[in-house]
Number of protein chains: 2
Amino acid sequence: MLTIGTLAKRTGTKVQTIRYYEQIGLMPEPGRTDGGQRRYGDAELDRLAFIRHSRQLGFPLDAIRELLDLSDAPDRPCHEADEIARRQLKLVEQRMERLKALRAELKRMVKECSGGNAAQCRVLEVLRDHSECLTEHDQIGV
Amino acid sequence: MLTIGTLAKRTGTKVQTIRYYEQIGLMPEPGRTDGGQRRYGDAELDRLAFIRHSRQLGFPLDAIRELLDLSDAPDRPCHEADEIARRQLKLVEQRMERLKALRAELKRMVKECSGGNAAQCRVLEVLRDHSECLTEHDQIGV
DNA sequence: GTTACATCCTCTAGCTACTGTAGGTTCAAG
DNA sequence: CTTGAACCTACAGTAGCTAGAGGATGTAAC
């Protein structure tokens, strides 16, 4: 029987985060001691590890919920999980493209800064004048 | 004299976002009509464009606040702006490294999925078993 | 048996950067 | 003068946690 703190340490999660996952129904309500403290078994440890690993791969909680459902139903076809993973891969690739463009513009900005005062600052100038910008920006979330 | 809607259209911002920027002190309180509607001048248009462009480059609002302060004080030395931009560049590069690792793992997951049912699904298996994971994950934010 | 203290509990609020909605008012054109 | 788009305030909600207050519990040492 594991305390919430042990579970937290073993999976690299904050205690509050585990309670939060319980609250939103991602983790089950565990058994309690007479005094009301949570006690977990190995199944919960595995489940939390699954969640955390998925989070580290950037899956949103909704996707993780779907993946957990699939994982709980071993006879369901696999392509759904595959599709979720592909979707995530696509997202990651999009983000990378976007970051590449940002990096280019930031590099340009920084390189051209000659170190005078704010009036001649290239960094500020580039930010001020969008027309100098080489990259397309349609979305803001990076 | 520009309405808030015009300002929004010209800078690709939502009206609510502009009001939000005003609320947090990033945009100044503009003049009003007798009926209480906001009216802007070109200075505000420029300021908002500056903010938006900075946001598109991923600068957090706090950094933008600093950049705006610098921009308002043309005789202050430029290296502060340079430093903020460098910091941002570094962040972008870190995120890219991280995404690269994620992409590798996601690709591996997806490639190995043979299309059976959930019990044999490699995607789920990889997520379940962190030890198969090649990459280091210390932070979750991508 | 008691004391000390780490860990646990619930509840609430806060973070970033917005976005959406409800219910009502104003502006400009026809 | 009427119509309808655009404006107003105020509040709630989004993702995914994180932090703090104020108090209860569990366990090891004495």
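Chain A is the first sequence line, chain B the second, and so forth, proteins listed ahead of strands; every chain is numbered from 1. Quick caveat, the model's predicted, so the values are computed rather than measured.
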Enumerate the protein-to-nucleotides 24-26 of chain D contacts in which both atoms are nitrogen or oxygen and the separation is below 3.5 Å.
unit_1: D:dG26; atom_1: OP1; unit_2: A:T33; atom_2: OG1; d: 2.7
unit_1: D:dG26; atom_1: OP1; unit_2: A:G35; atom_2: N; d: 3.2

Name the pairs: protein N/O against N/O of nucleotides 18-21 of chain D, kept only if under 3.5 Å.
unit_1: D:dT18; atom_1: OP2; unit_2: A:T17; atom_2: OG1; d: 3.0
unit_1: D:dA19; atom_1: N7; unit_2: A:Q16; atom_2: NE2; d: 3.4

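Atom C1' of nucleotide C:dC9 and atom CD1 of A:I18 are separated by 14 Å, given to the nearest angstrom. Between the CD atom of B:Q23 and the C1' atom of D:dA10 there is a distance of 10 Å, rounded to whole Å. Between the CG atom of B:L61 and the C1' atom of C:dG14 there is a distance of 16 Å, given to the nearest Å. Following rounding to the nearest Å, B:I24 (CD1) and C:dT19 (P) show an atom-to-atom distance of 12 Å. Rounded to an integer number of Å, the gap from CD of A:E22 to P of D:dG16 is 18 Å. We find that CG of A:L26 is positioned 13 Å from C1' of D:dC17, with the value rounded to whole Å. We find that CZ of A:R32 is positioned 10 Å from C1' of C:dC8, with the value rounded to whole Å. Spacing between atom CD1 of A:I51 and atom P of D:dG16 amounts to 12 Å, rounded to whole angstrom units.
Listed by chain and residue number, nothing satisfies the salt bridge (charged side-chain N to carboxylate O under 4.0 Å, His left out) test with B:E83 (two or more places apart in sequence, or in another chain). For B:K107, the side-chain contact (heavy atoms from CB on, under 4.5 Å) test picks out A:L89, A:E93, B:R103, with sequence neighbours left out. Looking at residues two or more places apart in sequence or on another chain, you find no side-chain hydrogen bond (donor to acceptor under 3.5 Å, both in side chains) involving B:T17. The side-chain contact (heavy atoms from CB on, under 4.5 Å) check on A:F50 picks up A:S54, A:L67, A:L68, A:S71, B:L124, B:L127, B:R128, with sequence neighbours excluded. For B:T33, there are no side-chain hydrogen bond (donor to acceptor under 3.5 Å, both in side chains) partners at least two apart in sequence or on another chain. In this structure, the salt bridge (charged side-chain N to carboxylate O under 4.0 Å, His left out) partners of B:K100, at least two apart in sequence or on a different chain, are B:E97. Contacts of B:E66 classified as salt bridge (charged side-chain N to carboxylate O under 4.0 Å, His left out), with partners at least two apart in sequence or in another chain: none.
For A:Y21 and D:dG16, the shortest distance from a side-chain N or O to OP1 or OP2 is not below 4.0 Å. Contact annotation: B:R38 does not reach the phosphate of D:dC7 (side-chain N/O to OP1 or OP2, under 4.0 Å).
Sequence neighbours left out, the pairs with a member in residues 70-82 of chain B that pass salt bridge (charged side-chain N to carboxylate O under 4.0 Å, His left out) are B:R47-B:D72, B:R76-B:E80, B:D82-B:R86. Annotation: salt bridge (charged side-chain N to carboxylate O under 4.0 Å, His left out) contacts involving residues 35-44 of chain B, sequence neighbours excluded, comprise B:E22-B:R38.
Of the inter-residue distances, the one linking B:L48 atom CG with B:L26 atom CG reads 9.0 Å to the nearest 0.5 angstrom. Note that CE of B:M27 and CD1 of B:I24 are 11.0 Å apart. Values are rounded to the nearest 0.5 Å.
Using a 4.0 Å cutoff on non-hydrogen atoms, the parts of residues 2-10 of chain B near DNA chain D are B:T3, B:I4, B:G5, ordered by number.
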